[in-house]
Amino acid sequence: MSSETKSKSESAANCVKARALLQQCLSARLLVQPKTDDKDAEFVEIGRGLIAYVCFMKGSNEELVDRMVKSILNVRLSENEAGKLVSIMDLPGDVLIIPQATLGGSMKGKCMQYHKNIAKDEGQLLYTRFVNICRNTVQKQNQECTVQNGTYGNRQVLSTVTNGPFSHFLEFS
């Protein structure tokens, strides 16, 4: 790879401010709070819809979150009964949002590094905004659809049933 090509690809990688991995599902269940001596385990669940794994990187801001929500909810990935590709809003379907900091990783040698990820407290604020905008947008269009979310900064266990898998990787600058 020439140095000019390398610097262009490095420059493009450096301007990525958020990533999302979208996966269609028939159902999904996410453990958001493990069982303790005092409490039972807590889960969130969705039916047919979309799982959105999101990661915010340095340079992310509220304007970017707004664009991400609009893109993710309106991209045509789901098949309706007629076999036509429609958005999750047009299907209609449920949405499960999962924070996924590992999407911000890059490989150095044999190790993954996460230096490009946003600070945890900033990420929490953007994630909360992302979830709230998604929930409000989906609920405004169809009250029967649900938006569920995982907890930011915690390890979670996901069970999903897919009819694919159909996964789509998006980057936002």
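This one's a predicted model, so the numbers in the text were calculated from it and none came from an experiment.
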Supply the atom-to-atom distance [X] [atom1] to [Y] [atom2], rounded to the nearest 0.5 angstrom.
| X | Y | atom1 | atom2 | answer |
| --- | --- | --- | --- | --- |
| C55 | K17 | SG | NZ | 14.5 Å |
| M89 | Q141 | CE | CD | 3.5 Å |
| D94 | I88 | CG | CD1 | 7.5 Å |
| C145 | I46 | SG | CD1 | 10.0 Å |

Side-chain donor-acceptor pairs of residues 156-164 under 3.5 Å, sequence neighbours excluded:
residue : atom : partner : partner atom : Å
Q156    : OE1  : T151    : N            : 2.9
Q156    : NE2  : T151    : O            : 3.0
Q156    : NE2  : N154    : O            : 3.2
T160    : OG1  : S27     : O            : 3.2

Filter on ring-ring contact (aromatic ring centres under 6.0 Å, His included), then keep only pairs touching residues 20-70, sequence neighbours left out; what's left?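 Qualifying pairs, neighbours excluded: none.
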
Under the side-chain hydrogen bond (donor to acceptor under 3.5 Å, both in side chains) definition, can you give me all pairs with a residue in residues 124-140, not counting sequence neighbours?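 Checked against side-chain hydrogen bond (donor to acceptor under 3.5 Å, both in side chains) - neighbours excluded - the pairs reaching residues 124-140 are D66-R129, Q124-T128, R135-N149.
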
Listed once per pair and sorted, the side-chain hydrogen bond (donor to acceptor under 3.5 Å, both in side chains) pairs that draw on residues 28-38, sequence neighbours left out: none

Taking [Y] as the starting point, is it possible to reach [X] by hopping between hydrophobic residues whose side chains are less than 4.5 Å apart?
| X | Y | result |
| --- | --- | --- |
| L170 | V95 | yes |
| L96 | F169 | yes |
| I98 | F130 | no |
| V131 | L103 | no |
| V138 | V65 | yes |

Pairs under 3.5 angstrom only: tabulate donor-acceptor contacts from the side chains of residues 76-86 to other protein residues two or more places apart or in another chain.
residue : atom : partner : partner atom : Å
N80     : OD1  : A82     : N            : 3.0
N80     : OD1  : G83     : N            : 3.1
N80     : OD1  : K84     : N            : 2.9

Does the side chain of [Y] come within less than 4.5 Å of [X]'s, by heavy atoms?
| X | Y | result |
| --- | --- | --- |
| I51 | L22 | no |
| K116 | K58 | no |
| E42 | L31 | no |
| L30 | Q148 | no |
| I97 | V147 | yes |
| E122 | L125 | no |

Determine whether I118 and L126 satisfy the following criterion, side chain to side chain contact (heavy atoms under 4.5 Å, CB included), listing intermediate values before the conclusion. CA-CA 10 Å; I118 199 165; L126 294 177; 3.6 Å; yes

Residue pairs involving residues 157-173 (criterion salt bridge (Lys or Arg N to Asp or Glu O under 4.0 Å); sequence neighbours excluded):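 The answer is R19-E171.
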
Between Q23 (side chain) and F166 (backbone), is there a donor-acceptor pair under 3.5 Å? no

Any sub-3.5 Å donor-acceptor pair from N142's side-chain atoms to P92's backbone N or O? no

Identify the heavy atoms of [X] and [Y] that sit nearest to each other, and give their distance.
| X | Y | result |
| --- | --- | --- |
| A18 | M68 | CB-SD, 3.5 Å |
| K120 | Y152 | O-CE2, 3.4 Å |
| L91 | G93 | CB-N, 3.8 Å |

Can you name the residues that form a side-chain hydrogen bond (donor to acceptor under 3.5 Å, both in side chains) with D90, not counting sequence neighbours?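 If we apply the side-chain hydrogen bond (donor to acceptor under 3.5 Å, both in side chains) test to D90, skipping adjacent residues, the hits are S87.
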
With sequence neighbours excluded, what pairs up with T102 under the side chain to side chain contact (heavy atoms under 4.5 Å, CB included) test?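 Counting only residues at least two positions away or on another chain, T102 forms a side chain to side chain contact (heavy atoms under 4.5 Å, CB included) with Q100, Y114.
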
